[in-house]
Amino acid sequence: MNKDQLENRLPRSFYERSPIVVAQQLLGKSLLRRVRQQWIGGRIVETEAYLAAEDPASHSARGRTPRNASMFGPPGTLYVYTIHAKYCLNAVTEAAGVGSAVLIRALEPIWGIKRMKKNRGVDDLRRLARGPAMLCQALGIDRQQDGIDLVDSDLVAITGSPSEDPSISESLTVTSSPRIGISQATERQLRFFVDANWYVGGRASDHENRPTRP
DNA sequence: ACAACGATACCCT
DNA sequence: GGGTATCGTTGTT
């Protein structure tokens with residue numbers, strides 16, 4: 001990963017939209033983490049949308065707490081939360097104070113694979129970043145990065161063509177399914193993933209849903 | 001102070 | 001496909 005690609009960073013306006021749109025548009029974009037002089041990471045291949053107050057599965061549904069405070073930050077804020085002694089990361093969407101976000105669930109590892117293997121303690125490419133907590137471990141992201149501004153930070157960034165440029169998204173077949181691991185609003189199709197991508201997690205039954213257009 | 005509970009991952013069959 | 005390790009956060013005594 002060289003520095004030039006960072007100039008392709010997504011602007012705040014990208015995030016200032018419905019998480020349902022942003023979740024789909026993030027597929028194919030690059031999630032990057034700086035380790036010393038090097039940027040490591042890969043392509044986003046699986047996401048989930050978490051809405052604001054009307055979504056009972058969302059961390060923001062029962063209001064602001066110390067844990068979820070950054071979810072109410074400006075669009076483009078990084079929200080990192082702890083679950084089962086692990087970490088997962090989201091990109092905050094819509095206006096500050098709303099409380100919606102997109103969970104990034106899987107990455108196709110591309111840059112700094114050696115470093116990510118070391119961070120994960122595994123050698124299998126497929127088990128490097130297939131799952132939200134695996135991905136954070138691979139990138140070395142924890143609660144210390146909670147609240148970082150993805151639009152501006154020199155530690156974590158998301159790059160790629162902006163939403164209005166269809167060059168990446170249109171070449172991908174995006175499929176939706178129910179979100180993983182939730183117990184409420186399980187009927188909503190708010191998980192999105194690149195169809196048939198080798199690095200997308202979940203069981204075969206999760207892939208029986210109709211394709212959608214971003 | 002404490003008990004319950006995850007937007008999980010791993011190991012086992 | 002199922003059981004469980006593991007720990008921060010939250011809501012309740």
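Values below: every heavy atom of this structure, side chains too, minus hydrogens, waters and symmetry copies.
A:Arg105 comes within 4.0 angstrom of the backbone, heavy atoms only, and of no base. When heavy atoms are screened at a 4.0 angstrom cut-off, A:Arg179 is found touching no nucleic acid atom at all. If you check every strand for non-hydrogen atoms under 4.0 Å, A:Ile182 touches sugar and phosphate atoms only.
Phosphate contact (OP1/OP2 of C:dT9, side-chain N/O of A:Arg143, threshold under 4.0 Å): present. Between A:Arg127 and B:dC10, a side-chain N or O to OP1/OP2 separation shorter than 4.0 Å is present. Taking 4.0 angstrom as the limit, A:Arg191 places none of its side-chain polar atoms (N or O) nearer than this to OP1 or OP2 of B:dA7.
The stretch residues 79-87 of chain A touches DNA chain B through A:Tyr81, A:Ile83, A:His84, A:Lys86, each having a heavy atom under 4.0 angstrom from the strand.
Hydrophobic cluster membership is shared by A:Tyr87 and A:Leu89, with clusters built from Ile, Leu, Val, Met, Phe, Trp and Tyr side chains linked at under 4.5 angstrom. Side-chain heavy atoms closer than 4.5 Å link hydrophobic residues (I, L, V, M, F, W, Y) into clusters, and following such links, even through other members, never connects A:Ile44 to A:Leu103.
The A:Ala133 side chain lies nearest to B:dA9 when the options are C:dT9, B:dA9, B:dA7. In the set C:dT10, B:dC10, B:dA7, the nucleotide with an atom closest to the side chain of A:Tyr50 is B:dA7.
If you take CG of A:Asn68 and P of B:dC5, they are 20 Å apart, rounded to a whole angstrom. Nucleotide C:dT6 holds its P atom 19 Å from the CG atom of A:Asp142, rounded to whole Å. At whole-Å resolution of the value, CZ in A:Arg126 and P in B:dA9 are 15 Å apart. Atom NE2 of A:His59 is separated from atom C1' of C:dT9 by 10 Å (rounded to the nearest Å). For the pair A:Arg62 CZ and C:dT9 P, the computed distance is 16 Å after rounding to whole Å. Atom C1' of nucleotide B:dA7 and atom CE of A:Met134 are separated by 15 Å, given to the nearest angstrom. We find that CZ of A:Arg64 is positioned 20 Å from C1' of C:dG11, with the value rounded to whole Å. Across the protein-nucleic acid pair, A:Glu46 atom CD and B:dT8 atom P stand 10 Å apart, rounded to whole Å.
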- Note on the structure: Dot-bracket for DNA chain C, 5' to 3', Watson-Crick and G-U pairs with both distances under 3.5 Å, [ ] for crossing pairs, | for partner on another strand, reads |||||.||||||.
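In this structure, A:Arg179 is positioned above the aromatic face of A:Tyr50, its NZ or CZ under 6.0 Å from the six-membered ring centre and within 45° of the axis. Figure legend: A:Arg17 and A:Phe14 shown as a cation-pi pair, the cationic atom lying under 6.0 angstrom from the six-membered ring centre and within 45 degrees of its axis.
Taking a 6.0 Å sphere around CZ of A:Arg126, one finds it holds more than 12 heavy atoms contributed by other residues, nucleotides or ligands. Open room surrounds CZ on A:Arg188; 12 or fewer heavy atoms of other groups in view lie less than 6.0 Å from it. For A:Gln38, the CD atom counts as densely surrounded, since its 6.0 Å shell holds more than 12 non-hydrogen atoms of other residues, nucleotides or ligands.
A salt bridge links A:Asp149 with A:Arg12; the closest basic N to acidic carboxylate O contact falls under 4.0 Å. Salt bridge status for A:Arg105 with A:Glu48: present, with a side-chain N to carboxylate O gap under 4.0 Å.
Map A:Arg120 and A:Leu89 each onto its nearest nucleotide of DNA chain B; the residue landing nearer the 5' end is A:Leu89.
Between A:Leu150 and A:Val156, the closest side-chain pair of non-hydrogen atoms falls below 4.5 Å.
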